[in-house]
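The chains referred to below are lettered A, B, ... by the order of the sequence lines, with proteins before strands, and numbering in each begins at 1. Note that the coordinates shown come from a computational prediction; the quantities given were computed from them, not determined experimentally.
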2 protein chains.
Amino acid sequence: MPHEQIEASAGPAAASPWDDVAVRLRAGGLRWTPQRRTLIEVLREHEGHVTASELIARCKELDGTTTPSTVYRALDLLEELGLVKHGHGHDGREEYHILPQQVHGHLYCVGCGSTWEIRPETAAVIVDALASQLGFAVDLSHVTISGLCAGCHD
Amino acid sequence: MPHEQIEASAGPAAASPWDDVAVRLRAGGLRWTPQRRTLIEVLREHEGHVTASELIARCKELDGTTTPSTVYRALDLLEELGLVKHGHGHDGREEYHILPQQVHGHLYCVGCGSTWEIRPETAAVIVDALASQLGFAVDLSHVTISGLCAGCHD
DNA sequence: GATCATATCGCGAGGCGTCGCAATAGCGAC
DNA sequence: GTCGCTATTGCGACGCCTCGCGATATGATC
C-alpha cells in the first residue's frame with residue numbers, strides 16, 4: 001500500500017466541516033472509532049433536517065453492527081462540537097439539523113401536514129419580542145411550532 | 001386526601017365543565033365507562049399542566065386495572081371535547097393542559113430548568129408576526145420553547 | 001511492536017407512546 | 001329484564017429514546 005495521500009493545504013476542494021472531526025475528537029481525549037466514522041459518512045450525505053431513525057437506519061445499512069445507542073451517543077458528541085443540533089418534530093420525535101448555520105424556526109401545519117420554515121428575519125421579531133418583554137433568549141430552532149398554514153386556515 | 005362527597009342535586013356549587021361529560025359523550029353515541037369516570041376524577045384534582053404519566057399513575061392508584069392505552073385514548077376523546085389539550089414539554093414528552101382557557105405559550109430555561117409562561121399579550125405579538133408575514137396561524141401552546149431565562153442569560 | 005489506561009461499544013432493560021385485535025360491556029330498544 | 005349492536009377495553013407487540021454494565025479496542029507511551 002502506498003502512503004495515504006496527505007491533503008495539501010493548497011488543495012482547492014472546499015474544506016468540509018466534517019474533515020477535521022477526527023482531529024477535534026482526539027484533541028479532547030476522545031476517540032475516532034469505526035462507528036463514528038460511519039456516522040460522519042452518513043451525515044455527509046445529508047443536508048437540512050434528518051430524523052434520528054433515518055440516521056440509524058442508514059448507519060445500519062453501511063455497517064450492520066451499528067446499534068441505536070451508539071448513534072445517539074455519537075450524535076450527542078457531535079452536538080457538543082456544533083456540527084449538528086437536535087430538535088423535536090411536531091410529534092416530539094427527534095430531528096437533527098445538520099451544520100446549523102442560521103437561526104430559523106419550524107412550522108408544522110396540522111391541516112395539511114406540510115412543514116414550513118420561519119426565516120431568520122421573522123424569527124428575529126419573535127426572539128426580540130420575548131427578549132424585551134421577558135428577558136428570555138429563546139432558541140426557536142429547538143421545536144416545531146404547530147398551526148394552520150394560509151391555505152388550510154381559510 | 002379529599003374525602004368523597006356525594007353531590008347534592010340541590011347544591012349551588014359552580015357548575016364544573018366535567019359535570020356533563022357523561023351526557024356529552026352519550027350524545028355522540030359514545031359511552032360512559034368506569035375507566036373514563038376515573039380519569040375525570042383525576043383531572044378534577046388537577047389544574048394547569050400534567051404529564052401523561054402522572055395521569056396514568058394516578059388513575060392506576062385509584063383503579064389498579066387501568067392500562068395506559070385506555071388513558072391515552074380517553075384523553076384523545078376529551079381533547080376533542082375541548083376539555084384538555086395536549087402539548088409537548090421541552091424534551092418532547094406529552095403534557096396535558098387542563099381546561100385550556102387562554103392562549104399562552106411555554107418556555108423552558110435550559111440553564112436552570114425552570115419553566116415560564118408566555119402571557120397572552122406577549123403571545124399575541126408572536127402570533128401576529130407569523131400571521132402577517134407568513135399567513136400562518138400558530139398554536140403557541142402546543143410546544144415548549146427552549147432558551148435561557150434572564151437570570152441564566154446574564 | 002508491546003503495554004496500558006480508559007473511552008467507547010453492544011447489550012439488555014425500562015419508560016414512553018401507538019396500534020391492531022379479540023373479548024367485554026354500555027346502553028338503546030323491545 | 002333481556003337482547004343485540006358496537007364502542008371500548010386490555011393485551012401484546014412495536015418503535016423511539018435513555019441508561020447502566022461488562023467487554024472491547026483506541027491511541028498515547030515506551
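- Atom CG of B:Leu77 is separated from atom CZ of B:Arg24 by 10.5 Å, given to the nearest 0.5 angstrom.
- Between atom NE2 of residue B:His106 and atom CD1 of residue B:Ile118 there is a gap of 8.5 Å, rounded to the nearest 0.5 Å.
- A:Ala52 comes within 4.0 angstrom of sugar-phosphate atoms only, judged by non-hydrogen atoms across all strands, and of no base.
- Within residues 28-38 of chain A, the residues approached by DNA chain C to less than 4.0 Å at the level of any non-hydrogen atom are A:Gly29, A:Leu30, A:Arg31, A:Thr33, A:Gln35, A:Arg36, in residue-number order.
- The phosphate of D:dC17 has neither OP1 nor OP2 within less than 4.0 Å of any side-chain N or O from A:Arg93.
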ask   = B:Leu75 and B:Leu39: side-chain contact (heavy atoms from CB on, under 4.5 Å), yes or no, with the steps?
value = CA-CA 8 Å; B:Leu75 285 167; B:Leu39 177 58; 4.0 Å; yes
TODO: Begin from the C-alpha positions of A:Leu55 and A:Leu43 and carry the test side-chain contact (heavy atoms from CB on, under 4.5 Å) through to its verdict.
DONE: CA-CA 8 Å; A:Leu55 291 174; A:Leu43 289 171; 3.8 Å; yes
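- Counting heavy atoms from C-beta on, the side chains of B:Thr38 and B:Glu61 never come closer than 4.5 Å.
- Taking each heavy atom of A:Cys152 and A:Cys109 in turn, the nearest pair found is SG-SG, 3.6 Å.
- Nearer the 5' end of DNA chain C, as judged by each residue's closest nucleotide, is the contact made by B:Tyr96, out of B:Ala22 and B:Tyr96.
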Which atom pairs, one a donor and one an acceptor, fall under 3.5 Å between side chains of residues 90-98 of chain A and the rest of the protein, sequence neighbours left out?
residue, atom, partner, partner atom, Å
A:Asp91, OD1, A:Arg93, N, 3.2
A:Glu94, OE1, A:Tyr96, OH, 3.1

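- Summarising the geometry, the separation between CG on B:Leu78 and C1' on D:dT8 is reported as 14 Å, rounded to the nearest angstrom.
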Let me have the donor-acceptor pairs involving side chains of residues 121-143 of chain A, under 3.5 Å, with sequence neighbours excluded, atom names and distances please.
residue, atom, partner, partner atom, Å
A:Glu121, OE1, A:Arg119, NE, 3.3
A:Glu121, OE1, A:Arg119, NH2, 3.2
A:Thr122, OG1, B:Gln133, OE1, 2.8
A:Ser132, OG, A:Asp128, O, 3.1
A:Ser132, OG, A:Ala129, O, 3.3
A:Gln133, OE1, B:Thr122, OG1, 2.8
A:Asp139, OD1, A:Ser141, N, 3.1
A:Asp139, OD1, A:Ser141, OG, 2.7
A:Asp139, OD2, A:Lys85, NZ, 2.8
A:Ser141, OG, A:Lys85, NZ, 3.2
A:His142, ND1, A:His86, O, 3.3

Report task. Go through A:Leu62 and A:Val42 one step at a time and tell me if the side-chain contact (heavy atoms from CB on, under 4.5 Å) criterion holds. Result -> CA-CA 9 Å; A:Leu62 294 185; A:Val42 170; 3.7 Å; yes
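- For DNA chain C, the outermost nucleotides in 5' to 3' order that have an atom under 4.0 Å from a heavy atom of chain B are C:dC16 to C:dG28.
- Here B:Val110 sits in one hydrophobic cluster together with B:Tyr108, B:Leu148; the rule is ILVMFWY side chains under 4.5 Å apart, joined directly or through other members.
- Note on A:Arg26: only backbone sugar-phosphate atoms sit closer than 4.0 angstrom, heavy atoms only; bases stay farther off.
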Could you walk me through whether A:Thr51 and A:Glu54 pass the side-chain contact (heavy atoms from CB on, under 4.5 Å) test, one step at a time? CA-CA 5 Å; A:Thr51 65; A:Glu54 283 168 347; 3.2 Å; yes
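- Neither OP1 nor OP2 of D:dT18 sits under 4.0 Å from any side-chain N or O of A:Tyr72.
- In this structure, the CG atom of A:Leu25 is 9 Å from the P atom of D:dG27, given to the nearest Å.
- Near DNA chain C, meaning a heavy atom under 4.0 Å away, the residues from residues 53-71 of chain A are A:Thr65, A:Thr67, A:Ser69, A:Thr70.
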